[in-house]
Amino acid sequence: MSNDNNNAAATPSPNFLRTIVENDMATGKHKRPGLPSVITRFPPEPNGYLHLGHAKSICVNFGLARDYDGRCHLRFDDTNPEKEEQEYVDTIMDSVKWLGFSWEQGGEVNLHYASDYFDQLYEMAEYLIKTGKAYVDSQSAEEMAKNRGNFGQVGTNSPFRNRPAEESLQLFRDMKAGKYKDGEHILRAKISEDAMSSPNMNMRDPALYRIRHAHHHRTGDNWCIYPMYDYTHPISDALENITHSICTLEFQDHRPLYDWLVETLAEGGFFQQPVPRQYEFARLNTTYVVTSKRKLRELVEDGTVNGWDDPRMPTLVGLRRRGFTPESIQLFCERSGVSKADGWIDMANLEIALRDDLDPKAPRAVAVLRPLKLIVDNFPEGESVECSAPVHPHHPEWGTRSFPFTRELWIEEEDFMEVPAKGYFRFTPPVDDKPGSRVRLKYGFIAECVGYDKDENGKVVAVHVNYFPDSKSGTPGADNYKVKGTITWVSARDALQAEVRLYDRLFTDPHPDAGGKDFHAALNPNALETITAYLEPGLAKANPEDRFQFERHGYFVADRVDSKPGKPVFNRIVTLKDSWGK
């Protein structure tokens, strides 16, 4: 029962980034010998697991490279050794591949690390010092923060701002040699004489290097000074010949520093023109989730969820385990568009994309989630009749699946009502001289309710029916019976008993952490319910990550971690219809 893997991704829509790229290609702006005209990059910091917001950036950067015959680099911004681990590198690589993208293009492996450039970054820092464009500041962190000013107050020059270049250079080399403790000195840019009065806080002598006596997951203990992100990122782009450095809107105010660095270092002979250019787009903000790495880590560490890949998490590993498809996430990202205005996308849109992707390719199956025994009184004990159903109603070429009809069946609890409500067309008992209702057992026979059993607490534990042997679905004469209700069922003797996990949204508030709210207060107590269900027997062959539509109930996936051969565990991916809008 393997799943078809048709790609449901939509045709890319026009957007301002595509317009920029197409104009640059038309004018030959980034045309260089031996290089494509479009080179983008996805530069995550390996300090956590990727989440749904990162998926948008992955799709944008890798998608542009794909659509314009370019290439996209995967580059790890590993300049903060205290928070970075190889575990995060591995899961990021795995998630990018799972999402459907590759950094291997045209026979090249475009996998990079900022730490690859530590020697060059250091050399360029010395150049900036020698040319009077950087200096070593010896203020305390508190003094530096105070003198930096704020949005309503200009900053004050550091008393060390005019330190002679030779002195700063020696101090910087001594910092590299490990002669100072963390925080004793820092290297800052000196962009202009009046930089400390710039309305852009990022231009007020930004930090370029800080001292960190910390073990690095790739370079070990070779370095005790590490470059800042705002310094590393533009230089890494330029070294890799990136043409379009695409990031989210929160980096818009960082662009002047980006441009100053690449232009200044190009003048120094480190790069050739044209240098990369930065462009910003609105990040993907989705309702009913939190994406802060700190808050996600808190959910993991306090046991609210069962790890980073918990199917309730918005991490890509969590979404994968939940059963989301790469195609559905790509489709969602494409439909959400690319713009310069921040906004919110409702989680319902992701679920719609998921249903649109799964509906044409998920095999169908029958499952009874809330079982109630149905006894067919007039069916012979120990015998069975084989019934069949299409694997997929719109793919007859996929064939049929079969399952037995026996004397005892499981049906859903909701398919019997002792005192029926108005408009209820499932099983109801006989009342006075009025016979019980007739219902079609889907893919099987018509049956008429003749009674029911209760336990000592008054709970209905079994429903009794008689079936009509000449009413089997697909046989001559079956249409002679006119009934309003049709229900699903499985054989009690042959059904697969399985653990099924009914997942739902983790939060009940569309903006669980907005405005400083305690996101724990918005946790959904019904985000996970684990039940024992009865499934059609063929599902015993389901492999991890096989997806199915359980008729009536929604889309489900065999859990990729806990499923065992012959004993799958199923996760509900999404219901058939949106119930959150009600």
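These values consider heavy atoms only, across backbone and side chains, with no hydrogens, waters or symmetry-generated copies.
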Item to complete: Verify side chain to side chain donor-acceptor pair (under 3.5 Å) between T248 and E250, making sure each step is shown before the conclusion.
Response: CA-CA 6 Å; T248 46; E250 63 262 37; 2.9 Å; yes
Item to complete: Test side-chain contact (heavy atoms from CB on, under 4.5 Å) on H233 and S245 and set out the steps.
Response: CA-CA 10 Å; H233 182 70; S245 183; 3.4 Å; yes
Practice prompt. Just do the side-chain contact (heavy atoms from CB on, under 4.5 Å) check on T286 and L350 with the steps written out, would you?
Written response: CA-CA 9 Å; T286 309; L350 174 59; 5.5 Å; no
Item to complete: Could you go through the salt bridge (Lys or Arg N to Asp or Glu O under 4.0 Å) check for R18 and D67 one step at a time?
Response: CA-CA 10 Å; R18 291 182 176 275; D67 295 342; 2.7 Å; yes
Discussion item. Assess the residue pair I573 and L358 against the criterion (side-chain contact (heavy atoms from CB on, under 4.5 Å)); give the C-alpha distance rounded to whole Å, side-chain angles, the decisive distance to 0.1 Å, and a yes or no.
Written reply: CA-CA 10 Å; I573 314 171; L358 287 176; 4.1 Å; yes
Discussion item. Using side-chain contact (heavy atoms from CB on, under 4.5 Å), reason through L506 and Y288 one step at a time and then give a plain yes or no.
Written reply: CA-CA 7 Å; L506 187 56; Y288 295 100; over 6 Å; no
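Enclosure of atom NZ in K517 by more than 12 non-hydrogen atoms of other residues, nucleotides or ligands within 6.0 angstrom is indicated. Annotation for K340: atom NZ counts as buried by contact number, over 12 foreign heavy atoms lying within 6.0 Å.
Note on ring orientation: taking the six-membered ring where Trp is involved, the planes of F556 and F550 are parallel (angle under 30°, cut-offs 30° and 60°). Using a 30° and 60° split on the angle between ring planes, F548 and F570 fall in the perpendicular class, above 60°. Ring orientation note: the planes of H392 and H395 are nearly perpendicular, at an angle over 60° on the 30°/60° scale.
A salt bridge links R277 to D259: one of the charged nitrogens lies within less than 4.0 Å of a carboxylate oxygen. Taking the charged nitrogens against the carboxylate oxygens, D357 and R547 have no contact shorter than 4.0 Å, which rules out a salt bridge. A salt bridge links E280 with R255: the distance from a Lys NZ or Arg NE/NH1/NH2 to an Asp or Glu carboxylate oxygen falls below 4.0 Å. A salt bridge is absent between D194 and R204; no separation between the charged side-chain nitrogens and carboxylate oxygens falls under 4.0 Å. Checked for salt-bridge contact, D513 and R294 miss the test: no charged N lies under 4.0 Å from a carboxylate O.
I235 places none of its side-chain heavy atoms less than 4.5 Å from the side chain of Q120. Between N200 and L257 the shortest side-chain heavy-atom distance does not fall below 4.5 Å. When side chains are defined from C-beta on, L111 counts as touching F76, because their heavy atoms get closer than 4.5 Å. L576 is listed as a side-chain neighbour of Q549, based on a closest heavy-atom distance under 4.5 Å. Contact annotation: the side chain of K293 never approaches that of L296 to less than 4.5 Å [non-hydrogen atoms, C-beta and beyond]. I39 is listed as a side-chain neighbour of H73, based on a closest heavy-atom distance under 4.5 Å. Looking at heavy atoms from C-beta onward, Q278 lies in side-chain contact with C247 at the 4.5 angstrom threshold. The closest side-chain heavy-atom distance from E298 to F519 is below 4.5 Å.
Defined by atom type and a distance below 3.5 Å, a donor-acceptor pair is missing between the side-chain atoms of Y127 and E123. Using modelled atom types, one finds no donor on one side chain facing an acceptor on the other under 3.5 Å when comparing E45 with Y88. A side-chain N or O of S336 and one of K56 form a donor-acceptor pair less than 3.5 Å apart. Looking at Y49 and E87, their side chains do bring a donor and an acceptor atom within 3.5 Å of each other. Side-chain contact, Q273 with E267: no donor N or O sits under 3.5 Å from an acceptor N or O. Between the side chains of D205 and Y135, at least one donor-acceptor pair of N or O atoms lies under 3.5 Å.
Checking L316, T315, V561, D310 one by one against R321, the side chain to side chain contact (heavy atoms under 4.5 Å, CB included) holds for a single residue, V561. Across R41, R71, R75, a single residue satisfies salt bridge (charged side-chain N to carboxylate O under 4.0 Å, His left out) together with E240, and that is R75. Each of Y258, Y279, Y229, F281 was evaluated against F251; a single residue qualifies, Y229, per the ring-ring contact (aromatic ring centres under 6.0 Å, His included) test.
With rounding to the nearest 0.5 angstrom, the CE atom of M144 is 4.5 Å from the CG atom of D137.
For R322 and Y503, the positive end is not near the middle of the six-membered ring at less than 6.0 Å and at most 45° from its axis.
Between P234 and L261, the shortest heavy-atom contact is CG-CD1, 3.8 Å. Scanning all heavy atoms of the two residues, the minimum distance from P46 to I92 falls at CA-CD1, 4.0 Å. Looking at every heavy atom in both residues, Y226 comes nearest to R212 through CE1-O, 3.3 Å. Heavy atoms only, all atoms of each residue included: D346 and T287 are closest at CA-OG1, 3.3 Å.
Under the 3.5 Å distance criterion, the side-chain polar atoms of D78 are matched with a main-chain donor or acceptor of S115. Put simply, the side chain of R297 never gets that close to the backbone of W308: no donor and acceptor are under 3.5 Å apart. Within the 3.5 Å criterion, the main-chain N or O of R501 finds no donor-acceptor partner in the side chain of N571.
Scanning for ring pair (Phe, Tyr, Trp, His ring centres under 6.0 Å) contacts around F101 gives F62, with sequence neighbours left out.
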